[in-house]
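For reference, the structure is listed below as structure tokens.
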There are 2 protein chains.
Amino acid sequence: MTLTELRYIVAVARERHFGRAAASCFVSQPTLSVAVKKLEDELGVTLFERSAGDVSLTSTGERVVEQAQRVLEEVQVVKQLAEQGKDPLAGPLRLGIIYTISPYLLPCLIPALRDKAPQMQLLLEENYTGRLAEMLKQGEIDVAIVAEPFFETGVSTLQLYDEPFVVATPKGHPWEKLKAIDANQLAEENVLLLSPGNCFRDHVLQTCPDLNRESLPAGSLQRTLQGSSLTTIRHMVAGGIGVTVLPITSITAADDALLSIRPFAGETPTRRVILAWRKNFPRTGAVEAIRQAVLASGLAGVSFLG
Amino acid sequence: MTLTELRYIVAVARERHFGRAAASCFVSQPTLSVAVKKLEDELGVTLFERSAGDVSLTSTGERVVEQAQRVLEEVQVVKQLAEQGKDPLAGPLRLGIIYTISPYLLPCLIPALRDKAPQMQLLLEENYTGRLAEMLKQGEIDVAIVAEPFFETGVSTLQLYDEPFVVATPKGHPWEKLKAIDANQLAEENVLLLSPGNCFRDHVLQTCPDLNRESLPAGSLQRTLQGSSLTTIRHMVAGGIGVTVLPITSITAADDALLSIRPFAGETPTRRVILAWRKNFPRTGAVEAIRQAVLASGLAGVSFLG
DNA sequence: TGCGACATTCGGTATAATCGATTTTTGCCG
DNA sequence: CGGCAAAAATCGATTATACCGAATGTCGCA
């Protein structure tokens, strides 16, 4: 049984005439006649009563033709679904973002994306880099915004922007008088870090390797005061518990009252934020739209890599 | 788009592996691979994300495959309908019968048919021969039981039985003493006839051509007392208005009290009852079942022609 | 008994489906 | 970094199918 055969019998039922049915299917009359016979043989039933005068349906034929029409309608739906799926900007996109970017980028990104791809609704997933990588490869998310380093097989990436780090101290801290902070100075203070799993914690430790030394006493503040989020850490710093390193996009106007922000001395440590997606993810248009939206989002203080 | 292609993508979605999907479709892996690609090209969308590890569905792919399954289910229904239609004894059969046979044959025929073809429900149409012929050719009925003469192009017939005619008079009528009635005698009496259109009226007129003579006065009883049915005529005869000719199958035990029934003298006039159906009507099994049922019905007084 | 209208059958041909073998891709691992 | 293994894509050849035009068969009709 083929869809063509079903189309033929529907045409014959409609036209009640093999010749006209053939014409309406743009095939020769013998072609249609043979195809109908073949289908009748396959089904083992006579669908049409042929006679010189006119063609009429058997009762089985009526039912079969009606059902054939239903099949053809469902086929049309397949085509419609495919048509709808053609636009890479249409339909939901599952986007994963790490915790230290999400709250600062999304408020800028979402309006920009609404502008570029209004049909594409975002399903957001906030998580650690490692978990996002896993979800990406499992197909649980389509695209991820993470920070380097990020190497995963089967995953393509694209640079988005480089984000400088800054030092945050409580108001009135002695470092307030300094114009810039040397990375090596940090070890002198209680440096509040995110909990393990956050890649930004690793970035900070990389910036100031001294913080990582195992010689720190077991109960030291660096160990115990690990914040669960940058916001928590920010409040702890404001409370005078210590200092911290923040990505510049996380600095808001409200911080002015609570914190003192200072740049690093010498080469500014940064992290590189990238876009990642499965190499085989077909909606490249959607990926590009995300990239464009990030570049157009106007995040303060970062150098875009578009 | 072909049904085969749809089966292939459903298999790939099920197996999540081109090779296994190909095996489950009993085709080679390249065959399935190119078929899927062809469908993707035709639809203009990517349905599967291929990678070394595993195959996964795009969101469009998920929708399309689901719809493809629906198509295949509907195709299965086509096959089921055809399967049901295979038995010629299954499903309704539209049977037409003339007025002068229907009330006497059906009570015998229907039980016999229930026995032979319990799955076949009869849709009955009672009408004149001419109308039944028309309906038969139009496909409004499938089979007809009529009396000869019956010649219609495109219609096949089969003899069922020959039915003798008898003369019915009121109780106490002088002819009651006669053993048999000569056809020519009828013209001496008021002979009650069915209204025109009933073939049995023509049979009676043919049996006794004298009744047909145009010399009858305009208001004569033969003209005015045309019964609408054999039952009506029977009651009129019982009421003493005249005599009539009846087919023998219409005689019931109840008639004994009201009427006097006499055979014809000489060659008994009869009518031949036949089965008729469109030459192209495919359910020959159903036609044969009807014939068998009539022959098995045990109608009194007729000679079967099986 | 031809005639017309139509369905069916018949050869021949172009297209498509399919296969086995091969190549390419890709992740993986020493 | 280079070979290995797995899987999909590609290739070349073969087979099957769809289709056409022409011829043939069927049937009702005049």
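Proteins come first, then strands; the chains are lettered A, B, ... in the order of their sequence lines, and each starts at number 1. As the structure is a computational prediction, the values presented were derived from the model and not from experiment.
Where B:Gly19 and A:Thr4 each meet DNA chain D at their nearest nucleotide, the meeting point lying more 5' is that of B:Gly19. When the nearest nucleotides of DNA chain C are assigned to A:Arg20 and B:Val27 by heavy-atom distance, the more 5′-ward of the two goes with A:Arg20. Residues A:Thr31 and A:Gly154 each lie close to DNA chain C; by heavy-atom proximity, the contact nearer the 5' end of the strand is made by A:Thr31. Judged by closest nucleotide on DNA chain D, A:Glu5 is the one of B:Lys279 and A:Glu5 placed further toward the 5' end.
Counting only N and O atoms by type, the side chains of B:Thr46 and B:Glu40 include no donor and acceptor under 3.5 Å apart. Defined by atom type and a distance below 3.5 Å, a donor-acceptor pair is missing between the side-chain atoms of B:Ser56 and A:Arg278.
For a distance-only test at 3.5 Å, the side chain of B:Gln29 qualifies as a donor-acceptor partner of the base of D:dA9.
Distance, B:Arg50 CZ to D:dA7 C1': 12 Å, rounded to whole Å. The interatomic distance linking B:Leu32 (CG) with C:dT18 (C1') rounds to 12 Å, in whole Å. Residue A:Phe18 contributes atom CZ, which lies 14 Å from atom C1' of C:dA5 at whole-angstrom precision. Rounded to whole angstrom, the span from the CG atom of B:Asn280 across to the P atom of D:dC27 amounts to 7 Å. The distance from atom CG of B:Leu47 to atom C1' of D:dA9 is 17 Å, rounded to the nearest whole Å. The distance between atom OH of B:Tyr8 and atom C1' of C:dC19, rounded to the nearest whole Å, is 11 Å. Distance B:Lys38 NZ to C:dA16 C1': 8 Å, rounded to the nearest Å. Spacing between atom CD of B:Glu49 and atom P of D:dA9 amounts to 13 Å, rounded to whole angstrom units.
B:Arg70 and B:Glu73 are not joined by a salt bridge, as no carboxylate oxygen comes within less than 4.0 angstrom of a charged side-chain nitrogen.
Under a cut-off of 6.0 angstrom, the local environment of CD in B:Gln206 is sparse, with at most 12 non-hydrogen atoms contributed by other residues, nucleotides or ligands.
Counting heavy atoms from C-beta outward, A:Leu160 and A:Phe304 have side chains that stay 4.5 Å or more apart.
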Pairs under 3.5 Å (N/O, protein and nucleotides 28-30 of chain C):
| residue | atom | partner | partner atom | Å |
| --- | --- | --- | --- | --- |
| C:dC28 | OP2 | A:Thr153 | OG1 | 3.2 |

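Closest contact between the side chain of A:Pro30 and the listed nucleotides C:dT18, D:dA22, D:dA9 involves D:dA22.
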Report task. Could you go through the side chain to side chain contact (heavy atoms under 4.5 Å, CB included) check for A:Leu275 and A:Ile290 one step at a time? Result -> CA-CA 8 Å; A:Leu275 200 56; A:Ile290 298 269; 3.6 Å; yes

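Taking CD from A:Glu83 and CD from A:Gln80, the interatomic distance works out to 9.5 Å, rounded to the nearest 0.5 Å.
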